Amino acid sequence: MAPTGAASQFDQAALERRKELSGGTGPLALVKNLKVFGIACFACLGGLLYGYNQGVFSGVLTMTSFDRHMGVWTSDSTKLGWLTSILELGAWIGTLYSGFLAEILSRKYAILINVAVFCIGVVIQATAITSAAHSSILGGRFITGMGVGSLSMIVPMYNAEIAPPEVRGALVGLQQLSITLGIMISFWIDYGTNFIGGTGAGQHSASWLLPLCLQLAPAILLGAGMLFMPFSPRWLVHHDREVEGRRVLANLRGLPQDNELIELEFAEIRAQSVFEKRTIAEKFPHLSAQTASNTIRLQFVAIGSLFTSRPMFRRVIVACLTMFFQQWTGINAILYYAPKIFDGLGLSSNTVSLLATGVVGIAMFLATIPAVMYVDKLGRKPVLVIGALGMASCHFIIAGISGSFENDWKSHGSAAWAAVAMVWIFVIHFGYSWGPCAWILIAEIWPLSNRPYGIALGASANWMNNFIVGQVTPDMLTGMRYGTYIFFGAMIFAGAGFIAFFVPETKNLTLEEMDILFGSVGEATADAERMREINKEVGLDNIVHRGNSVDAGNGIIDEKGGRDRIEETKDDISA
């Protein structure tokens, strides 16, 4: 989940003006307009597809018929790691091309192309029923991963751009919930299909083929729905199709084009587009022309520029290490290998292991709800630190129980279930903390002009570490046994220390105050100055203050006041 984070006082004034004109914000505002509600459902569909993919393969790996059909590829831990993690490698590739594909072809066509890529991957996986077996799984999951990795970036981007600004926060929350819902659904589908033909030697191949093929259902729905969805108004405006952009925006809101709310939002879109173009012209003048070649080059050149100054590099460290520690909590080791883990903790049968895995999905889904509701009140640091310490404690307890009883689980059934309960508590801690909060943190630490590239860098780090965890976990469970939990516990304990001592609290801070924290004073102020001039140029100032007598400050905060507010946390970033 990747919301846009704090902005400026002028942005707040614009938000208040929208609230005054529209009459509401948040989840309740979603139901006021059927088109907006449809957008919310559409966002959930994209998240559901992502979550289903994350969870479905864990149950398939433990099914008797799949094990028999794959032979050495499920008995050899290294090969098993490749079967699982190849999807994440494909997803990493997908995140690399998603940005320029969405910019060159439009968000709409980019989604359609990636749905097609995803479906091709699923069809190839289905051919594993033939003698192709592991080759089809490897190739199909890699291609499916490319699709799901790209969609995981583009679908939220598209929905954020066509949704009214006052409900984008609600859409972010629904997106995160839908991911965990997809994980939960995949676990229970695996549990159900495990009974096709029985759970023993007579188990039918449909038991694993059906959950893999069911991935096509949300993908086809996503693609079919996309055919009837409009282009992003922001993309249209950015590509000099302003008349069409305004018409699409008015149609989405169900209002006349001359309505003041349409004027306000359209002016904001224009201002953002002009800001991006002028920022690129200033920082990368050789790439300012909007050609396909420049768009592709810009993504890599802009990400490379994040490493050229010390303050910006500090942000790179925070983003990449936060994503590093998120994956090395061991969460995806559990999502990918939960039934095998439960089997290793002494559960009596594969059926019981799949049942316990289903509870993992429910626990994570429910735990995400309070995070979506309260993270802005509690702050990022306490939630992340408490979640990390809770997860580390669970890992260490599991290691202690497993180390004591792994050679005689049958005589210690209560100990086995205690270890299983610790896994459930672990995913609860992840669900309210590192699941959503890590994405929030890496989204809000960047200056406005660098945010798209900073988030892309963080997402890339996330998928690459996701791939590594998926690859090494089977070997770790085989070779290290209970030491695996000690390792993951130590890693996330280190993650708690990293957050506590090196990452500042970012709750409710403006972009300018972020600059003070990271030692790059002037970066966000320069952005705000540029945006202030553009706001006046496109008429946004007049629209915002037409019904607001209070001066919003036009996006510039008092630097000394900002320093005083956060002086106590300034030293959280190492020199």
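Model, not experiment: these values are computed from the prediction. Positions are given from 1 along the sequence.
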d(Asn465 CG, Met323 CE) to nearest 0.5 Å is 9.5 Å
Quick one: are Ile162 and Met229 in side-chain contact, heavy atoms under 4.5 Å? yes
Would a distance-only check, ignoring hydrogens and angles, find a side-chain to backbone donor-acceptor pair under 3.5 Å from Thr484 to Met480? no
Is it the case that the side chains of Thr127 and Ser136 hold a donor-acceptor pair, with the cut-off being a distance below 3.5 Å and no angle test? yes
Rounded to the nearest 0.5 Å, how far apart are CZ of Phe118 and CG of Leu216? 7.0 Å
Please check this pair: side chain of Arg141 against backbone of Leu83, looking for a donor-acceptor N/O pair closer than 3.5 Å. yes
Tell me, with the steps shown, if Ile86 and Leu89 meet side-chain contact (heavy atoms from CB on, under 4.5 Å). CA-CA 5 Å; Ile86 194 71; Leu89 185 60; 4.2 Å; yes
Do Thr144 and Gln215 have a side chain donor and acceptor closer than 3.5 Å? no
How far apart are the C-alpha atoms of Trp434 and Leu441, what are their side-chain angles, what is the distance that settles it, and do they pass the side-chain contact (heavy atoms from CB on, under 4.5 Å) test? CA-CA 10 Å; Trp434 285 74; Leu441 178 65; over 6 Å; no
Evaluate side-chain contact (heavy atoms from CB on, under 4.5 Å) for Cys119 paired with Val115, printing each intermediate quantity in order. CA-CA 6 Å; Cys119 290; Val115 166; 4.2 Å; yes
Of all heavy-atom pairs linking Leu96 and Phe300, the shortest is O-CZ, 4.4 Å
Considering non-hydrogen atoms only, spot the tightest contact between Gln327 and Val469 and give its length. O-CG2, 3.7 Å
How many angstroms lie between CD1 in Ile425 and CD1 in Ile397, if you round to the nearest 0.5 Å? 7.5 Å
Taking Gly400's backbone N and O only, do any of them form a donor-acceptor pair with Ser404's side chain (distance below 3.5 Å, no angle check)? yes
I want to check something: taking the side chain as every heavy atom from C-beta on, are Ile468 and Trp328 in contact at a cut-off of under 4.5 Å? yes
Under 3.5 Å, side chain of Asn159 to main-chain N/O of Val155, donor-acceptor pair present? yes
Modelled atom types, side-chain donor and acceptor of Thr64 and Asp67, under 3.5 Å: no
Separation of Thr95 OG1 from Leu457 CG (nearest 0.5 Å): 10.0 Å
Give the minimum heavy-atom separation between Ile183 and Met364, together with the two atoms involved. CD1-SD, 4.1 Å
Pair Glu88, Tyr336: side-chain N/O donor-acceptor within cut-off below 3.5 Å: yes
Could you grab the distance from atom CG of Leu48 to atom CD1 of Ile179, nearest 0.5 Å is fine? 10.0 Å
Going by distance alone, is a donor N or O of one side chain under 3.5 Å from an acceptor N or O of the other, for Ser207 and Thr193? no
May I have the step-by-step check of side-chain hydrogen bond (donor to acceptor under 3.5 Å, both in side chains) for Tyr109 and Asn114, ending in yes or no? CA-CA 9 Å; Tyr109 289 150; Asn114 279 294; over 6 Å; no
Would you say that Cys394 contacts Met391 through its side chain, given a criterion of any heavy-atom pair below 4.5 Å between the two side chains? no
Determine the minimum heavy-atom distance between Thr478 and Ser77, stating which atoms define it. OG1-CB, 3.6 Å
Would Ile189 and Leu214 satisfy side-chain contact (heavy atoms from CB on, under 4.5 Å), going step by step from the backbone distance to the final call? CA-CA 9 Å; Ile189 286 177; Leu214 281 176; 3.9 Å; yes
Using modelled atom types only, decide if a donor and an acceptor are shared between the side chain of Ser58 and the backbone of Leu335 within a distance under 3.5 Å. yes
Ile317 CD1 to Phe502 CZ distance, which is reported to the nearest 0.5 Å: 10.0 Å
Does any donor atom in the side chain of Ser353 or Asp343 lie under 3.5 Å from an acceptor atom in the other side chain? no
Do Val318 and Ile442 come close enough that some side-chain heavy atom pair is under 4.5 Å? no
Is there a donor-acceptor pair closer than 3.5 Å between any side-chain N or O of Lys381 and the backbone N or O of Ala500? yes
Is Tyr482 atom OH crowded by more than 12 heavy atoms from other residues, nucleotides or ligands, each under 6.0 Å away? no
Could you pull out the closest heavy-atom pair between His69 and Ile129, with the gap in Å? CE1-O, 3.3 Å
Thr322 and Ile499, any side-chain heavy atoms less than 4.5 Å apart: yes
I'd like to know whether the aromatic ring centres of Trp82 and Phe467 sit less than 6.0 Å apart in this structure. yes
Ser402 side-chain N/O to Ala399 backbone N/O, donor-acceptor pair under 3.5 Å: no
Would the distance check show the side chain of Ser150 and the main-chain N or O of Met146 forming a donor-acceptor pair, the cut-off being under 3.5 Å? no
Atom CZ of Phe493: over 12 foreign heavy atoms under 6.0 Å: no
Centroid-centroid distance, Phe498 to Phe325, less than 6.0 Å: yes
Could you tell me if the side chain of Phe313 sits less than 4.5 Å from the side chain of Leu306, heavy atoms only? no
Would you sort out whether Tyr337 and Thr84 count as a side-chain hydrogen bond (donor to acceptor under 3.5 Å, both in side chains), showing the intermediate values? CA-CA 9 Å; Tyr337 303 105; Thr84 304; 3.2 Å; yes
Mind checking whether Phe66 and Phe57 have parallel, tilted or perpendicular rings, split at 30° and 60°? perpendicular
Looking only at atom types and distance, does a side-chain atom of Asp76 sit under 3.5 Å from a main-chain N or O of Lys79, one as donor and one as acceptor? yes
Tell me whether the centres of the aromatic rings in Phe342 and Trp409 are closer together than 6.0 Å. no
Tell me whether Trp188 contacts the main-chain N or O of Gly358 through its side chain, where contact means a donor paired with an acceptor under 3.5 Å. yes
Heavy-atom side-chain proximity of Gln326 to Phe430 below 4.5 angstrom: yes
Quick one: does Ile196's side chain get under 4.5 Å of Gln203's, heavy atoms only? no
Around atom NE2 of His204, are there more than 12 heavy atoms of other residues, nucleotides or ligands at under 6.0 Å? no
If you compare all heavy atoms of Gly47 against all heavy atoms of Ser178, which two are closest, and at what distance to 0.1 Å? CA-OG, 3.3 Å
